[in-house]
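One structure below.
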Amino acid sequence: MQKMSFPLYYLTWNVTCKCNLRCEHCYNALFDRNRVEDELSTKEGVEMISQAKNLGLKAILFTGGEPLLRKDLPSLIKFAKDKRLIIFLATNGTLIDKSFIKEFKGVIDGINISLDAATSKKHDEIRGVKGCFIKTLNSIGTLQKHFPISIAFTATQKNLSELSSVAKIAKRYKIPLKIKRFISMGIGSRNQELTLSKSNYKILIEQIRQLRKSQKVLFSDPIWLSLNEERINSYGGCLAGIFSICLDFNGTAYPCTKLKIPLGNIRNTSLKKIWRKSKILIKLRKKRLKGKCKNCEKRYSCGGCRAAAYIKTGDFLTEDPLCFL
Amino acid sequence: MSREANKQENKKSKEKERSEKEIKGITFREFMRVSCKSDY
């Protein structure tokens, strides 16, 4: 196994920490979300993409903060496209206009738009800004004619009851619904009560099973993925730091957007050195997991969510707190 | 630990080591199907 190569297939880049919303579950740790002084420059961003490409990069997700608040986003995305990368964008959908379509049609390969409830009252409350629900819904209607888009729903204790109604919206627009598990970090760490309980996680799984009978619903969670995967002798599930990495707006690298253990900063260490030499990444790849995950036959093909383990115990190798298998 | 228990423990550890040698890498296409980024 030591000789196995680990290409960096997927990079999540939080291009900015600026945001026009104030979501209660945000993974961004900065309270001053208007600051820009530490942001990687266009030149640094382009250099980073080139370095990542040399490590095997195939796909890049531009996210934030709200990535559309970054003025040089078109040039960064076009540079990545010229490098033949698959381009994904995660946005709150409140800043979409006609120029966006003109600029990015045929360039961006997939857009995720966050929608956490099916009514203005609840969505706006979760997202902290009045009127954002209508803007997001209008953007979904506009974008679905021009891009492959999907609705991203972050499941919490508070909005689980909204799932079926949000699913109806996705169905109405004939677009996939993509569900994520809330991890209590960043601003979200102030709202730990939003973390799904094990019993509600099971309810979520059952709801997803039911919804999938009539529409496209995806759940990017290692436990869910492992329920549908027989393989045990290859990597899958949580691949934080194994085949993917996250880069923050200021150049700090982390294994995942939600596993915020700093690995180094590309301003003073090359991405190659971080990717190949980081002791944390080596530990993640070796899968020396603890607790229930230690002897699980699916520790490679599932591995549990390392971010959830880290938030719960401070040790990123412990078991996934929501595992019921 | 008794001799027998020790033997069992060694056997388990060797089996684990052997099975880990069989762990395979994945292609990008597989990555997009089986990883927690697969939703994109």
Side-chain angles (χ1 to χ4, degrees), chain A residues 1-2 4-7 9-10 12 56-59 61 86 88-90 109-112 148 150 152 176-181 217-222 224-226 228-229 231-240 242-244 256 258 285-287 295 297 299-303 305-307, chain B:
Chain A
M1 201 186 89
Q2 285 81 357
M4 189 188 291
S5 68
F6 293 96
Y9 287 140
Y10 192 101
T12 302
L57 194 70
K58 303 278 188 203
L61 167 67
I86 298 170
F88 299 118
L89 178 76
D109 299 285
I111 302 176
N112 263 7
S150 54
L177 173 64
K178 295 174 176 177
I179 299 166
K180 291 189 169 293
R181 182 204 313 189
V217 178
L218 301 164
F219 185 29
S220 61
D221 198 83
W224 165 262
L225 291 167
S226 80
N228 300 289
E229 182 60 65
R231 298 165 322 116
I232 54 168
N233 65 343
S234 66
Y235 282 97
C238 178
L239 293 178
I242 300 175
F243 295 102
S244 65
C256 165
K258 301 197 175 150
R285 289 165 192 162
K286 285 188 172 171
K287 295 271 185 188
N295 291 318
E297 63 169 8
R299 69 186 179 284
Y300 282 91
S301 57
C302 162
C305 174
R306 296 295 97 223
Chain B
M1 195 183 276
S2 74
R3 208 174 151 186
E4 191 53 33
N6 211 355
K7 215 171 150 184
Q8 281 300 322
E9 192 63 28
N10 282 341
K11 198 178 160 191
K12 262 190 194 171
S13 152
K14 275 185 182 167
E15 271 170 12
K16 198 173 170 183
E17 212 173 282
R18 195 164 47 239
S19 69
E20 283 181 355
K21 277 182 186 163
E22 289 163 10
I23 300 298
K24 294 173 192 144
I26 52 173
T27 62
F28 173 66
R29 190 181 284 249
E30 285 168 324
F31 170 86
M32 290 307 284
R33 189 179 64 81
V34 302
S35 83
C36 59
K37 307 291 179 198
S38 62
D39 63 344
Y40 283 103

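Being a predicted model, the structure only gives us computed values, none of them experimental. Proteins come first, then strands; the chains are lettered A, B, ... in the order of their sequence lines, and each starts at number 1.
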Identify, with sequence neighbours excluded, every residue that meets side chain to side chain contact (heavy atoms under 4.5 Å, CB included) alongside A/S226.
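Only A/K298, A/C302, A/L325 meet the side chain to side chain contact (heavy atoms under 4.5 Å, CB included) criterion with A/S226.
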Using 30° and 60° as the class limits, which term best fits the ring planes of A/Y300 and A/Y235: parallel, tilted or perpendicular?
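Perpendicular.
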Name the member of A/A240, A/G237, A/G236 that forms the most heavy-atom pairs with chain B at distances under 4.5 Å.
A/G237
Proximity breakdown for A/I242 and chain B, heavy-atom pairs closer than 4.5 Å:
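Neither part, no heavy atoms under 4.5 Å.
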Heavy-atom proximity to chain B below 4.5 Å, by part of A/L239:
both
Okay, side chain of A/Y10, backbone of B/F28: is any donor-acceptor separation there less than 3.5 Å?
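Not at all, since once roles are kept as given, no pair shorter than 3.5 Å links the two residues.
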Partners passing salt bridge (charged side-chain N to carboxylate O under 4.0 Å, His left out) against A/E229 (at least two apart in sequence or in another chain):
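Checked A/E229 against salt bridge (charged side-chain N to carboxylate O under 4.0 Å, His left out); matches are A/R231, B/R33.
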